[in-house]
Participant: 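Let me give you the structure first, and then I'll get to my questions.
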Amino acid sequence: MIADAAALAEVTAAFAAGSGPVAVDAERASGYRYGQRAYLVQLRRQGAGTALIDPVACPDLSELGAAISGAEWVLHAATQDLPCLRDIGMVPTRLFDTELAGRLAGFPRVGLGAMVENVLGFVLEKGHSAVDWSTRPLPEPWLRYAALDVELLVDLRDALEKELDRQGKLEWARQEFDAIASAPPAEPRKDPWRRTSGMHKVRRRRQLAVVRELWQTRDRIAQRRDVSPGKVLGDAAIVEAALALPANTHALGSLGGFGRMNRRQLEQWQAAVDRAKGLAESQLPQPGQSVTGPPPPRAWADKDPAAAARLSAARAGVTALAEELNMPQENLITPDTVRRVCWEPPKPADRDSVAAALTAHGARPWQVEQVTPVLVAALAREAGQA
């Protein structure tokens, strides 16, 4: 494993002198450490071989990223790895996503192992996908496993490119890859505490405040200790405490998830509960997230029956087209885009205006070309029925 500046400089020179696409992968320690940083980066390129780099020992890989910036990067499920790669200075200008290519080509199973087996006929050694990659030193079997993830990526890319070309979808894939490569970093999620598992049980604003306070306290502790938040306190425990509103540490300790804690820990969590209980009414969170755009589809029939009819017709059309094109509906067009166009359809709902609406919502040119006729027909059919 590359773990010092001198070895990294050699790898950078070797990969800059290599040829063809660069296979890239990263391993995180999800479920073990706080955040989504990379704990191992794997690369492979013709003429350079395979390199396994320790981004803990070498936290700045910007020179390596610059050295291969002109090459096409081949990743599997690129959107999962790009954020942690960006954090260490590696940002592609061109990429090929083998998972997304598999979806567009209609493969039923698009995990790397399944794709390599179905397309290339090789079975990858598996078994270490869920290990703690922050472990040092990394055991040799783990390193072999990691190296295999980039061993055949370029071969898989070449085979998928031929298959997409055969199906007439290669230009579609290129547009998708360009969209991923040019996408800006994701904005931090607003009110992330609302994603606590089991939140649907929490109805009252005071209880929501308890969830928020416990979540934020847990997050600070997890960040300080550099451990996964779930290892500090489980979501189920947070929700149970919010529903119970315990009056003291004794009551808190009787709840699931808190029973084995010592007095100091219980006092810490009870203090968070008490802070939430002491908030003024005006400081309590609202029961729903403020969202832009249309309401949840289940509410459409009551709020706007005509919009519900439009959505039903559009969904049926998109489903049929996705089956005809042999790809998942969400890759043909995002469900959110369909909802937005159906909730506030352009007027007149002709081909040009619907195409413009789809483009405004971020649809790629190939998606606009394929989906516009379907949505125009759905909107026209609903209008005729009305």
Side-chain angles (χ1 to χ4, degrees), residues 29-37 83 185-305 307-308 311 335-336 339-340 343-344:
S30 304
Y32 296 94
R33 296 288 182 175
Y34 184 86
Q36 294 295 316
R37 67 170 294 183
E187 293 288 333
R189 189 182 297 277
K190 184 181 179 182
D191 291 344
W193 59 271
R194 291 186 183 271
R195 293 178 63 82
T196 303
S197 180
M199 275 288 291
H200 62 281
K201 303 174 186 176
V202 183
R203 309 273 178 167
R204 292 158 48 195
R205 293 176 64 196
R206 185 71 58 185
Q207 295 172 330
L208 289 171
V210 172
V211 172
R212 180 177 65 185
E213 196 64 44
L214 287 171
W215 190 98
Q216 292 173 345
T217 300
R218 178 183 71 174
D219 196 64
R220 288 191 295 269
I221 295 170
Q223 188 170 12
R224 185 178 70 245
R225 291 170 48 190
D226 190 19
V227 296
S228 169
K231 289 186 175 296
V232 176
L233 186 68
D235 281 6
I238 289 178
V239 170
E240 190 168 353
L243 295 175
L245 296 175
N248 49 49
T249 55
H250 178 75
L252 181 66
S254 68
L255 301 177
F258 295 93
R260 297 184 179 180
M261 293 184 180
N262 59 40
R263 182 176 181 80
R264 186 185 64 81
Q265 290 172 316
L266 287 174
E267 289 174 348
Q268 169 182 259
W269 299 117
Q270 184 63 42
V273 173
D274 291 342
R275 285 194 298 272
K277 291 167 71 175
L279 292 174
E281 285 290 325
S282 61
Q283 297 174 297
L284 299 178
Q286 294 300 321
Q289 261 184 304
S290 58
V291 294
T292 58
R298 62 180 178 272
W300 286 31
D302 292 330
K303 290 179 177 290
D304 189 338
L311 182 61
D336 180 67
R339 287 195 294 269
R340 289 175 183 270
W343 184 250
E344 294 183 350

Participant: Determine which pairs satisfy salt bridge (Lys or Arg N to Asp or Glu O under 4.0 Å) with at least one residue from residues 202-212, sequence neighbours left out, and list them in order.
Facilitator: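 Matches after skipping sequence neighbours: Arg206-Glu281.
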
Participant: Can you list every pair that meets salt bridge (Lys or Arg N to Asp or Glu O under 4.0 Å) and has a residue in residues 248-260, with sequence neighbours left out?
Facilitator: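 For residues 248-260: none.
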
Participant: Who pairs with Thr217 by side-chain hydrogen bond (donor to acceptor under 3.5 Å, both in side chains), at least two apart in sequence or on another chain?
Facilitator: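 Scan of Thr217 (side-chain hydrogen bond (donor to acceptor under 3.5 Å, both in side chains), adjacent residues dropped) gives Arg220, Arg275.
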
Participant: So, Gln270 versus Asp274: side-chain donor-acceptor pair below 3.5 Å or not?
Facilitator: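 Yes.
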
Participant: Could you list the residues that satisfy side-chain contact (heavy atoms from CB on, under 4.5 Å) with Ala276, not counting sequence neighbours?
Facilitator: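 Expected list: Ala209, Val210, Glu213.
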
Participant: What closest approach, in Å, do Pro192 and Trp215 show between heavy atoms, and which atom pair accounts for it?
Facilitator: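 Where Pro192 meets Trp215 most closely, the heavy atoms are CG-CH2, 3.6 Å.
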
Participant: Who pairs with Gln207 by side-chain hydrogen bond (donor to acceptor under 3.5 Å, both in side chains), at least two apart in sequence or on another chain?
Facilitator: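 Checked Gln207 against side-chain hydrogen bond (donor to acceptor under 3.5 Å, both in side chains); zero matches.
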
Participant: State, to 0.1 Å, how close Pro246 and Lys277 come at their nearest heavy-atom pair, and which atoms those are.
Facilitator: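 Minimum heavy-atom contact is O-NZ, 3.2 Å.
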
Participant: How would you list, by chain and number, every residue that makes a side-chain hydrogen bond (donor to acceptor under 3.5 Å, both in side chains) with Tyr32, sequence neighbours excluded?
Facilitator: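 With sequence neighbours excluded, Tyr32 shows a side-chain hydrogen bond (donor to acceptor under 3.5 Å, both in side chains) to no residue whatsoever.
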
Participant: What class does the angle between the rings of Trp300 and Trp343 fall in, given that below 30° is parallel, 30 to 60° is tilted and above 60° is perpendicular?
Facilitator: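 Judged by the thresholds at 30° and 60°, the geometry between Trp300 and Trp343 is tilted.
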
Participant: Charged N to carboxylate O under 4.0 angstrom, Arg340 versus Glu344?
Facilitator: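 Between Glu344 and Arg340 there is no salt bridge, as every charged N stays at least 4.0 Å from the carboxylate O atoms.
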
Participant: Is the side chain of Glu240 donor-acceptor paired with the backbone N or O of Gly256 at a distance under 3.5 Å, no angle test?
Facilitator: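 Such a contact is found between Glu240 side chain and Gly256 backbone.
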
